[in-house]
Number of protein chains: 2
Amino acid sequence: MTKKVTIKEIARLANASVSTVSRVINDSGYVSIEKRQKIEAAIKSTGYHPSQIARTLSSSHTQTIAVMLPDITNPYFINLIEQISIHSGAEGYQVILMNTDTAGAHKHGDPVTIETNAFANVLERQVDGLIVLGGEIDQVHVNPEYMSALNSLNDQLPVVVISQKDEQCNCLFVERHIDTGMKMIVQHLLSLGYRHIGFLGGQQGIKIADQRISSFKKLMHLYANTSDEDILANNFYIEDGYTGIEPLLQQADLDAVIAMNDQVAIGAMRRLREIGKSVPQDIAIGSADMFAGGEYTTPAITTVNQHDTSLGQIAVKQLLHLINNEPVESLEPRLPELVMRESCGEHQRFTTKDSLS
Amino acid sequence: MTKKVTIKEIARLANASVSTVSRVINDSGYVSIEKRQKIEAAIKSTGYHPSQIARTLSSSHTQTIAVMLPDITNPYFINLIEQISIHSGAEGYQVILMNTDTAGAHKHGDPVTIETNAFANVLERQVDGLIVLGGEIDQVHVNPEYMSALNSLNDQLPVVVISQKDEQCNCLFVERHIDTGMKMIVQHLLSLGYRHIGFLGGQQGIKIADQRISSFKKLMHLYANTSDEDILANNFYIEDGYTGIEPLLQQADLDAVIAMNDQVAIGAMRRLREIGKSVPQDIAIGSADMFAGGEYTTPAITTVNQHDTSLGQIAVKQLLHLINNEPVESLEPRLPELVMRESCGEHQRFTTKDSLS
DNA sequence: TTGTAAGCGTTATCAG
DNA sequence: CTGATAACGCTTACAA
């Protein structure tokens, strides 16, 4: 391990003072051509890199934002992370990922405690801002300790949350157009003639699920009958589609099912094939939230593109505004779009171009 | 924004010196019960958090490791990140993600430059260690500048690379058992009676692809004929399976195809269905690298579980050994396992339990 | 145009 | 057991 070379060393080598070196590093203030060249030469020859740490201590910003999320294997989050990392990278910010693992398969310990500890960590690392992608904040009834921890965090640094707004929370929220999206898929199914439509996936007590389900019910009441038996809310993952579809069909006589998202749809379709039902002939499967890859399944999934990718971009923009004390313009995510493929019948021209974006 | 409370403030409040406060924070040295209580009270009441930054400056370690990867949407990498974040979290290390985006759909700029810059960034942030998941290092012919940058980085802090070993590189490598894995799927297909087997996916000039392909050829020569027409190396993603399978079948008369990984297999199966070929009746599709979810496709993919999850764990262990100057035991990843499902025929008992682990 | 010196918030050494 | 005080590497007035 080579020992570290510091600004002092460079100054010595280039026969200058540390402030002058600092000036050339940061391109600030006047420095004579010759001195600048000598300094640059010294930097190059030693392979010197200024220490972000020291820089932060003295100037107190890190050019880093933290992203907190409860499950990194979830495609919804991956999508967001990708966009966040791209857009913040473009603005010169690094991303530090805090995967609390409070929702995935590897859960351990109390979610509230874990996430609250993560807040503390965020503070200690002096990141310039935080984007929260989900976790406890997604609950309809957010734990009060968590909420006060989050609010007090928001007091100390800019926080943007990508989730449905919570009135108790003072942070800036970026919300999706849930009702509009649900309307699209419901109306599509109705227009195709389906009347006994069910809903599968999500979890009661989670905002996004409750909102989708209530939206679903409301819409259905306008056109047809529904009862609670038409709905099964178990969870958000593939296996939930797989394990949930049969029970759902047993408790209700359906000709179509809307899945919480493409993952749930995939699981359901797989199980249906195993029990000898074909999609969409015997039963149509639609999805309310498009993920990457749904155009390659058999049948390809008819789904709603919520344009989640725009969320990441918006969140970064807003956060940077907050960080720079600029006024935050209110930015709306793109409106959802129906993506017609095969799983609801009425095979529209299939194209692999219907990808996320 | 509340202003920051520092150790000094606590000292003042608790009527103690900063050193004493530091002692209670770090639980080091003797502190009288009463003083400790007063200090703890002050900390609690102010919501004080020690600054990692200042701490690092003075003690020079960050309890942070960086993970560099070229494409966060790739399931192979996601799997690794997840494991790394879990295992390093368990040891009290945070992960900072550096997504260089040099392999994904959003490429921009010269990969070597981008990744080399990322190295600089790693240095500046004074992370305690780095895990490189792929990128330029995956090339058979690694760019010399990149290599020397990486080697010199490795001189300044511990670096572990998850990839096939490169002789020019001094870093510690964690390698997978590629040949063993390939052998399993090839032998499986042969044992089922397939003789005209092809290979689809990967990219020439990438170590893992070249190695799999040469392994494939060697094995095939033992039992049957192969020629270069049986092989089409385009890339690693779903769409490559989708676009590649037809050309491959046109240039060779095959009864089975081994896909680079499950993604490629999915794309290929989708395209086959579109052109009216059924899997495995008309053609069998196997995969050389299992990803999560392959048990839910139709047909479910017969594949090789390379136990990639163990890689992440090993990498973290090794890195921490390096960081702590402990001797690094040589740890071998788990041996691959064949996962028989449906896409190669001979429908073995299907179980959704064949998940990654 | 350049240099001096005072912080930034900790830890760690060394006296009390 | 406790408290000064010197680092840690950089930025930024302020002087020169």
Side-chain angles (χ1 to χ4, degrees), chain A residues 2-40 42-43 46-64 120-121 123-128 156-157, chain B residues 2-40 42-43 46-64 120-121 123-128 156-157:
Chain A
T2 320
K3 68 174 294 199
K4 222 164 309 171
V5 17
T6 75
I7 197 173
K8 238 184 224 157
E9 180 69 5
I10 300 294
R12 201 178 55 72
L13 255 46
N15 225 292
S17 71
V18 289
S19 21
T20 307
V21 177
S22 175
R23 282 185 198 104
V24 348
I25 293 172
N26 299 296
D27 225 353
S28 64
Y30 297 95
V31 178
S32 70
I33 271 278
E34 328 149 46
K35 210 127 217 181
R36 155 166 281 129
Q37 284 173 341
K38 272 176 96 172
I39 291 174
E40 276 165 353
I43 290 179
T46 52
Y48 164 73
H49 289 281
S51 151
Q52 259 302 323
I53 299 292
R55 199 173 249 174
T56 297
L57 188 57
S58 119
S59 71
S60 73
H61 55 279
T62 47
Q63 294 294 102
T64 304
N121 215 284
L123 232 36
E124 289 168 10
R125 283 177 187 271
Q126 250 146 291
V127 298
D128 297 338
Q156 314 193 231
L157 55 76
Chain B
T2 320
K3 66 174 293 199
K4 222 163 308 168
V5 16
T6 73
I7 197 174
K8 241 183 222 159
E9 180 69 4
I10 301 294
R12 203 179 52 74
L13 256 47
N15 225 291
S17 70
V18 288
S19 3
T20 308
V21 176
S22 176
R23 282 186 198 103
V24 348
I25 292 172
N26 299 296
D27 225 356
S28 64
Y30 297 95
V31 178
S32 70
I33 272 278
E34 326 149 47
K35 210 127 216 181
R36 153 165 282 129
Q37 285 174 341
K38 273 176 96 171
I39 291 174
E40 276 164 352
I43 290 179
T46 53
Y48 163 74
H49 289 282
S51 151
Q52 257 303 322
I53 299 290
R55 203 174 245 175
T56 297
L57 188 58
S58 139
S59 71
S60 76
H61 55 279
T62 47
Q63 293 294 100
T64 303
N121 215 284
L123 233 35
E124 289 168 10
R125 286 180 184 270
Q126 250 147 290
V127 300
D128 297 338
Q156 313 190 233
L157 55 75

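Chain A is the first sequence line, chain B the second, and so forth, proteins listed ahead of strands; every chain is numbered from 1.
Note that the first and last nucleotides of DNA chain C, 5' to 3', having any atom under 4.0 angstrom from a heavy atom of chain B are C:dG9 to C:dA12.
A distance of 4.5 Å separates CD1 in B:Ile53 from CD1 in A:Ile53, rounded to the nearest 0.5 Å. In this structure, A:Thr62 OG1 and A:Arg55 CZ are separated by 12.0 Å, a value rounded to the nearest 0.5 Å. For the atom pair CG (A:Asp128) and NE2 (A:His61), the distance works out to 6.5 Å, reported to the nearest 0.5 Å.
Within 4.0 Å (heavy atoms only), B:Ser32 reaches sugar-phosphate atoms of the nucleic acid but no base atom.
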Please evaluate residues A:Ser51 and B:Gln126 with respect to the criterion side-chain hydrogen bond (donor to acceptor under 3.5 Å, both in side chains), reporting the C-alpha separation (whole Å), side-chain torsions for both, the decisive distance (0.1 Å), and the verdict. CA-CA 7 Å; A:Ser51 151; B:Gln126 250 147 290; 3.1 Å; yes
Taking it one step at a time, do A:Thr64 and B:Arg125 satisfy side-chain hydrogen bond (donor to acceptor under 3.5 Å, both in side chains)? CA-CA 10 Å; A:Thr64 304; B:Arg125 286 180 184 270; 2.6 Å; yes
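Atom CZ in B:Arg36 sits roughly 10 Å away from atom P in D:dC1 (whole-Å rounding).
Contact detail for A:Tyr48 and A:Val5: the closest heavy-atom pair is CD1-O, 3.1 Å. Summarising the geometry of A:His49 relative to B:Ala120, their closest heavy-atom pair is CE1-CB, 3.4 Å, with the distance given to 0.1 Å.
Judged as a side chain to side chain contact (heavy atoms under 4.5 Å, CB included), and not counting sequence neighbours, the contacts of B:Ser22 are B:Ile7, B:Asn26.
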Please tabulate, one pair per line, each protein N/O and nucleotide N/O from nucleotides 7-9 of chain D that are separated by under 3.5 Å, including the distance.
residue : atom : partner : partner atom : Å
D:dC8   : O2   : B:Leu57 : O            : 3.4
D:dC8   : O2   : B:Ser58 : N            : 3.3
D:dG9   : N2   : A:Ala54 : O            : 3.3

